[in-house]
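Here's the structure we're looking at; comments come further down.
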Amino acid sequence: MTRVNARANRLPLVDSLRAIAALCVLLTHTAVAAGISGNPHSALSPYAQRLDVGVAIFFLISGLLLYRPFALARLSGRPAPATGAYAWRRFLRIAPAYWLALTVTALWVGTSAYELGVFTSSGFPTYYLLLQTYRAHTLSGGLVQGWTLTIEITFYAFLPLYAWAQRRLPGRGDGLRWEIAGLVALVVISEIWKGVLLANGNPRQVVITPALDALPAFLDQFALGMALAVLSASIEVRGSSPRWVRRFD
């Protein structure tokens, strides 16, 4: 088993993309608090509402960085990354900072420690284990932005299983072809999932439900990042870029 390198040392501009995504998320929440987002009298409202694209950028980055070691191992014929080291790094990246932010927010924002429902017998495991998005009445509780972390964690768990399934597909020389087919399948599954959930709703007023805040609804965004990972790994294995990629250089 090879080790998963958590640092994007071969992709030095990813940190810049993270900064852009973080600023977008910060500004979109600031716009809501300031009464700009959704305000028909504000010229900035249409732009403020679309700054939530920062979440999609974060999901794409996760797909790119986390799937790249798996794709590189698959296309180069090397052993798959060790899932134990991968899982430990993912835990350290999410849990300590989230637990600190959740605790400070619950104590600081709430007039009492129990006002946000975080420190109750049911709330503690729900919010500290990031299970709030699986029930409608806790969906926006605790740290509201935590729903994105729930999706990230389910993607972390999904990724090694997906990579394992890819390596079990037949055909030694068809690795790249199977990778592309798998990513197309993920996008199709995601679109069908959202289409079924939204088919009978009001298109002008989407109601967020636990099913809409689940991983399948965002697989298309992760798949775009995974596609970049496959492309990057393929270029590294081949030692050269396709002509259409060189145009972007």
Side-chain angles (χ1 to χ4, degrees), residues 6 18-39 48-63 65-66 83-84 86-161 193-194 197 201 205-219 221-222:
R18 280 201 184 101
I20 292 172
L23 285 173
C24 287
V25 172
L26 174 64
L27 289 173
T28 192
H29 284 285
T30 302
V32 171
I36 296 174
S37 186
N39 184 349
Q49 292 181 78
R50 296 284 68 82
L51 287 174
D52 59 1
V53 71
V55 174
I57 296 174
F58 274 124
F59 289 165
L60 191 147
I61 289 173
S62 291
L65 295 184
L66 298 183
T83 54
Y86 162 85
W88 179 241
R89 289 178 182 275
R90 295 305 97 207
F91 171 81
L92 291 178
R93 188 167 188 87
I94 293 291
Y98 168 71
W99 288 341
L100 176 63
L102 176 62
T103 303
V104 171
T105 301
L107 293 173
W108 186 17
V109 175
T111 56
S112 71
Y114 291 89
E115 183 171 335
L116 299 181
V118 173
F119 301 133
T120 62
S121 58
S122 62
F124 192 87
T126 295
Y127 297 115
Y128 277 88
L129 296 180
L130 283 166
L131 302 175
Q132 65 266 32
T133 63
Y134 298 109
R135 290 182 292 181
H137 69 279
T138 59
L139 192 60
S140 59
L143 198 62
V144 177
Q145 300 85 348
W147 69 270
T148 61
L149 297 181
T150 302
I151 294 171
E152 285 275 8
I153 287 176
T154 51
F155 176 70
Y156 295 164
F158 164 79
L159 199 59
L161 297 175
W193 178 277
K194 287 180 283 191
L197 292 176
Q205 186 62 50
V206 176
V207 178
I208 303 300
T209 63
L212 271 179
D213 263 354
L215 177 62
F218 297 89
L219 272 179
Q221 297 178 18
F222 286 109

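The nearest pair of heavy atoms linking Pro160 to Tyr86 is CG-CE2, 3.4 Å. The two atoms that bring Ser37 and Gln49 nearest to each other are OG-CG, 3.1 Å, heavy atoms only. Pairing each heavy atom of Val53 with each of Cys24, the nearest pair is CG1-SG, 4.4 Å. Contact record, Leu65 with Arg18: CD1-NH2, 3.1 Å, taken as the closest heavy-atom pair. Contact record, Gly54 with Ala21: O-CB, 3.5 Å, taken as the closest heavy-atom pair. The nearest pair of heavy atoms linking Tyr127 to Val118 is CD1-CA, 3.8 Å.
Looking at Thr138, its side chain never comes within 3.5 Å of a backbone N or O of Gly141 through a donor-acceptor pair.
Tyr98 is linked by a side-chain hydrogen bond (donor to acceptor under 3.5 Å, both in side chains) to nothing, counting only residues two or more places apart in sequence or in another chain. Under the side-chain contact (heavy atoms from CB on, under 4.5 Å) criterion, Ala97 pairs with no residue, sequence neighbours left out. In this view, Phe59 and Phe218, Phe222 satisfy the ring pair (Phe, Tyr, Trp, His ring centres under 6.0 Å) rule, not counting sequence neighbours. Listed by chain and residue number, Glu152 satisfy the side-chain hydrogen bond (donor to acceptor under 3.5 Å, both in side chains) test with Ser62 (two or more places apart in sequence, or in another chain). Every residue meeting the side-chain hydrogen bond (donor to acceptor under 3.5 Å, both in side chains) condition with Thr103, not counting sequence neighbours, appears here in chain and number order: Tyr128. Residues satisfying the salt bridge (charged side-chain N to carboxylate O under 4.0 Å, His left out) test with Arg135, not counting sequence neighbours, are none. Thr209 is linked by a side-chain contact (heavy atoms from CB on, under 4.5 Å) to Val207, Ala211, Leu212, counting only residues two or more places apart in sequence or in another chain. Partners of Leu60 under the side-chain contact (heavy atoms from CB on, under 4.5 Å) rule, at least two apart in sequence or in another chain, are Leu224, Leu228. Residues forming a ring pair (Phe, Tyr, Trp, His ring centres under 6.0 Å) with Tyr134 (at least two apart in sequence, or on another chain): none.
Here salt bridge (Lys or Arg N to Asp or Glu O under 4.0 Å) pairs that include residues 97-108, with residues two or more places apart or in two chains, number zero.
Expressed to the nearest 0.5 Å, how far OG1 of Thr133 lies from CD1 of Ile151 amounts to 6.5 Å. Atom OH in Tyr156 sits 12.5 Å away from atom CZ in Phe91 (nearest 0.5 Å). Distance check: Leu100 CG to Thr105 OG1 gives 8.5 Å after rounding to the nearest 0.5 Å. Separating the CZ atom in Arg90 from the CG atom in Leu159 is a distance of 10.0 Å, to the nearest 0.5 Å. Taking CD1 of Ile94 as the start and OG1 of Thr150 as the end, the distance is 9.5 Å to the nearest 0.5 Å. Once rounded to the nearest 0.5 Å, the distance linking CG of Asp52 with CD1 of Ile57 reads 10.0 Å.
Note on ring orientation: taking the six-membered ring where Trp is involved, the planes of Phe158 and Phe155 are tilted (angle from 30° to 60°).
For the pair Val25 and Phe58, the minimum side-chain heavy-atom distance is below 4.5 Å.
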Sequence neighbours left out, cut at 3.5 Å: what donor-acceptor pairs do the side chains of residues 142-149 make with other protein atoms?
unit_1 : atom_1 : unit_2 : atom_2 : d
Thr148 : OG1    : Gln145 : O      : 3.0

